[in-house]
Trainee: 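Sharing a structure with you now.
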Amino acid sequence: QVKLVESGGGVVQPGGSLRLSCAASGFTFRSYGMHWVRQAPGKGLEWVAFIRYDGGNHYYSDSVKGRFTMSRDNSRNTLSLQMSSLRAEDTAVYYCAKDLVGATFYFDFWGQGMLVTVSS
Amino acid sequence: QSALTQPRSVSGSPGQSVTISCTGTSSDVGGFNYVSWYQHHPGKVPKLMIYDVSKRPSGVPDRFSGSKSGNTASLTISGLHTEDEADYYCCSYAGDYTGVFGGGTKLTVL
């Protein structure tokens, strides 16, 4: 069955960096676009980033553009989100999510979520 | 990339129907038929309930239906069950490989 397992969350100071990873299994990882979605405490879901199936292009929300970089390793079935210049407002549970097909922006499977706390 | 507009809360009694609206612009909801809906129980993972405006993934009860008119999409849940109580989010493709969620609606089943 499809499984997405995030790792790498934790507490980081404002201005710091953190790298999230997502290990995928149970499907042909290299055939699907992947996303990161986050949810700040008490807030709604927010789409963060998307990467095409081949990793050739990646796209970001305005709120993280220039600070976050998404990448993937199709040989290891892993997804990453490198976060830098972190701000308090980046505090959230981060989910990796599989696209239903390629780039439909339908999220049919989600990881369990990883908490990132930006605080001094 | 402004969030889509949803009512903060809706409520209904078991067996009744409720409709949750999701209003965007011609740059997202109105411009594409890539609208989806998610059910999110606190402490659990969001679940895809509707995609392509009105299609249901396998396993989603046909009590859940979706539609769209202009810049507004809607999710209707008929024959409410107590387990339907959750937060519901709409999401739309917004062009240039970006997406946008609604602010979320808390459904209370009285």
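A, B, ... follow the sequence lines: proteins, then strands. Residue 1 opens every chain.
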Trainee: Tell me, out of A:Gln39, A:Arg52, A:Gln112, who's got the most heavy-atom pairs with chain B below 4.5 Å.
Mentor: A:Gln39

Trainee: Contact part of B:Tyr89 toward chain A, heavy-atom cut-off under 4.5 Å: side chain, backbone, both or neither?
Mentor: side chain

Trainee: Tell me, side chain or backbone of B:Pro57 under 4.5 Å from chain A's heavy atoms, or both, or neither?
Mentor: neither

Trainee: Chain B heavy atoms under 4.5 Å from A:Phe109: which part of the residue, side chain, backbone, both or neither?
Mentor: neither

Trainee: Checking side-chain polar atoms at under 3.5 Å, does A:Thr91 have a donor or acceptor matched by the opposite partner on A:Thr117?
Mentor: no

Trainee: Please say whether the positively charged group of A:Arg30, taken as NZ for Lys or CZ for Arg, lies over the ring of A:Tyr53, i.e. under 6.0 angstrom from the six-membered ring centre and within 45 degrees of the axis.
Mentor: no

Trainee: B:Tyr38 versus chain A, heavy atoms under 4.5 Å apart: side chain, backbone, both or neither?
Mentor: side chain

Trainee: Are the aromatic rings of B:His40 and B:Tyr88 close, with centres under 6.0 Å apart?
Mentor: no

Trainee: Using non-hydrogen atoms and a 4.5 Å limit, figure out which bit of A:Val37 sits close to chain B: side chain, backbone, both or neither.
Mentor: side chain

Trainee: Can you tell me which of B:Pro46, B:Cys91, B:Ser92, B:Ala94 forms the most heavy-atom pairs within a distance under 4.5 Å of chain A?
Mentor: B:Pro46

Trainee: Is any side-chain heavy atom of A:Met34 closer than 4.5 Å to a side-chain heavy atom of A:Lys98?
Mentor: yes

Trainee: Measure distances from B:Asp96 to the heavy atoms of chain A and classify the residue's part below 4.5 Å as side chain, backbone, both or neither.
Mentor: backbone

Trainee: Looking at A:Tyr106, A:Phe50, A:Trp47, A:Phe105, which has the largest count of heavy-atom pairs under 4.5 Å with chain B?
Mentor: A:Tyr106

Trainee: Does a side chain donor of either A:Gln82 or A:Thr69 reach within less than 3.5 Å of an acceptor in the other side chain?
Mentor: no

Trainee: Do A:Ser61 and A:Phe68 make a side-chain contact, defined as non-hydrogen atoms from C-beta onward lying under 4.5 Å apart?
Mentor: no

Trainee: Evaluate the side chain to side chain contact (heavy atoms under 4.5 Å, CB included) criterion for residues B:Val109 and B:His81: first the C-alpha distance (whole Å), next the side-chain angles of each, then the deciding distance (0.1 Å), finally the verdict.
Mentor: CA-CA 7 Å; B:Val109 181; B:His81 291 189; over 6 Å; no

